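A quick write-up on the structure given underneath.
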There are 2 protein chains.
Amino acid sequence: MLHDPTQLDLMFQALADPARRQMVDRLSRGPASVSQLAEPLAMSLSAVVQHLNVLEASGLVRTEKLGRVRTCQIEPQALRAAEHWINERRLAWERRLDRLGDFLAETNDES
Amino acid sequence: MLHDPTQLDLMFQALADPARRQMVDRLSRGPASVSQLAEPLAMSLSAVVQHLNVLEASGLVRTEKLGRVRTCQIEPQALRAAEHWINERRLAWERRLDRLGDFLAETNDES
DNA sequence: ATAATAGTTAAGTGATTGCTTCAGTATTAC
DNA sequence: GTAATACTGAAGCAATCACTTAACTATTAT
C-alpha cells in the first residue's frame with residue numbers, strides 16, 4: 001500500500017501542476033475552504049474544484065464538507081510516501097558513489 | 001535556481017510516469033546505456049528515448065555520448081530539489097500540528 | 001420567502017502525452 | 001566494403017489535461 005505504483009503516479013502527477021502545488025503550499029499552513037484555495041489563483045472556481053479532485057484522488061489532500069463549505073487538509077502520510085520514493089533512489093546513488101570512492105582510495109594505497 | 005517553479009513542474013511530471021520512474025530506479029543502481037534502460041520495458045526503443053529526453057529536460061538525468069552509446073546518470077541535486085519541496089510543506093504542516101498540541105496542553109493545564 | 005453564498009456537474013475545446021512505425025545516421029565488428 | 005549495432009527524428013494517432021462557460025443544488029443570511 002505504501003509502494004503502490006499507481007498511487008505514486010497520481011501523487012507526482014498531482015504535484016506536477018503549479019496551481020496544485022500552490023494549493024498544497026497553502027494547505028501546509030493550515031486547513032482551507034475551496035474558495036480560500038481559489039482566492040490567489042487566476043482561474044474559475046470550477047477549475048479549482050477540478051484541481052482539488054486531482055489532489056484528493058492522489059491522497060495528498062483530504063476534504064470534509066460541513067454545511068455548504070468543504071474544508072481541505074493535507075495528508076502528510078502521502079507526502080511522506082512521495083518523499084520516501086525519491087529519497088531511496090538518491091541514497092542508493094550516493095551510497096554507490098561512496099563505495100566507489102572507498103575502492104579508489106584503497107587501490108591508490110596499494111601503489 | 002533551486003526553486004524554479006517550471007523546473008519543479010518538469011521534475012514531478014517526469015516522475016509521474018511508471019516507465020520513467022523505473023528508469024530512474026535502474027539508474028540509482030548505476031549508470032546505464034539507452035538499450036540497458038530499455039531492456040526491461042515493454043515498449044519500443046524510440047519510446048524509451050522519448051522518456052529519456054523528458055528525464056533529461058527535467059534535470060533528473062544527465063547523459064553523455066561516447067561513440068555510438070549514450071550513457072545515462074542520475075543527477076542527485078535534482079532529486080534533492082524535488083525531495084526538498086515536499087519535505088518543507090510536510091514539515092510546515094507537522095510544526096503547525098505540534099504548536100496546536102502545545103496550545104491545547106497549556107489551556108488544559110489552566111482548568 | 002428571497003437572495004446571496006459555496007460549491008458541483010456536464011459539455012466542449014485546444015494543447016499535450018505516450019506511444020507507434022518507419023526511415024534515417026553514425027559507429028563498430030567482420 | 002558490408003553488415004550489425006546503437007541510437008535518432010519525424011509523422012501520426014488515440015487518450016488525457018487544463019481549462020472554459022453555463023446550468024444546477026444545497027445551505028445560510030435577511
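Just so you know, these numbers come straight off a predicted model, no measurement behind them. All values below come from the heavy atoms of this structure, side chains included, with hydrogens, waters and symmetry mates left out. Lettering follows sequence order; numbering is per chain, from 1.
Taking side-chain N and O atoms only, B/Lys65 has a distance below 4.0 Å to OP1 or OP2 of D/dT8. Using a 4.0 Å cut-off, some side-chain N or O of B/Ser33 falls inside it from OP1 or OP2 of D/dC7. For D/dC19, the OP1/OP2 oxygens have a side-chain nitrogen or oxygen of A/His51 closer than 4.0 Å. Residue B/Arg20 places at least one side-chain N or O closer than 4.0 Å to OP1 or OP2 of C/dG18.
Looking at A/Glu64 and A/Arg70, no side-chain N of the basic residue comes within less than 4.0 Å of a carboxylate O on the acidic one, giving no salt bridge. Using a cutoff of 4.0 Å between basic side-chain nitrogens and carboxylate oxygens, A/Arg80 and A/Glu75 are not scored as salt-bridged.
Ring geometry, B/Phe12 versus A/Phe12: the interplanar angle falls under 30°, so the pair is classed parallel (tilted spans 30 to 60°).
Among the nucleotides C/dT21, C/dC19, D/dT8, the one closest to any side-chain atom of B/Met43 is C/dC19. The listed nucleotides are D/dC7, D/dC19, C/dT20; the one nearest the side chain of B/Val69 is D/dC7.
Within the 4.0 angstrom heavy-atom criterion, only backbone atoms of the sugar-phosphate kind lie near B/Ser35; the bases stay farther away. Across all strands, A/Ser46 comes closer than 4.0 Å to base atoms (heavy-atom distances).
A donor-acceptor contact under 3.5 Å links the side chain of A/Gln50 to the base of D/dC19.
Per the geometry, CG belonging to B/Leu41 stands 9 Å off P belonging to C/dC19, to the nearest Å. Following rounding to the nearest Å, A/Glu64 (CD) and C/dA6 (C1') show an atom-to-atom distance of 16 Å. In this structure, CZ of A/Arg68 is placed 16 Å from C1' of D/dC24, rounded to the nearest angstrom. Summarising the geometry, the separation between CG on A/Leu52 and P on C/dT9 is reported as 12 Å, rounded to the nearest angstrom. Rounded to a whole Å, the CG atom of A/Leu45 is 14 Å from the C1' atom of D/dA22. If you take CG of B/Leu37 and P of D/dA6, they are 13 Å apart, rounded to a whole angstrom. Computed from coordinates, the B/Asp17 CG to D/dT16 C1' distance equals 13 Å when rounded to whole Å. The separation between B/Glu39 atom CD and D/dA6 atom P is 12 Å, rounded to whole Å.
Where B/Gln13 and A/Arg70 each meet DNA chain C at their nearest nucleotide, the meeting point lying more 5' is that of A/Arg70. If you find the closest nucleotide of DNA chain D to B/Thr71 and to A/Ala19, the one lying nearer the 5' end belongs to B/Thr71.
Of the candidates B/Thr71, B/Thr63, B/Ile74, B/Pro31 forms a side-chain contact (heavy atoms from CB on, under 4.5 Å) with just one, namely B/Thr71.
Heavy-atom minimum distance, A/Leu27 versus A/Ala32: CD2-N, 3.7 Å.
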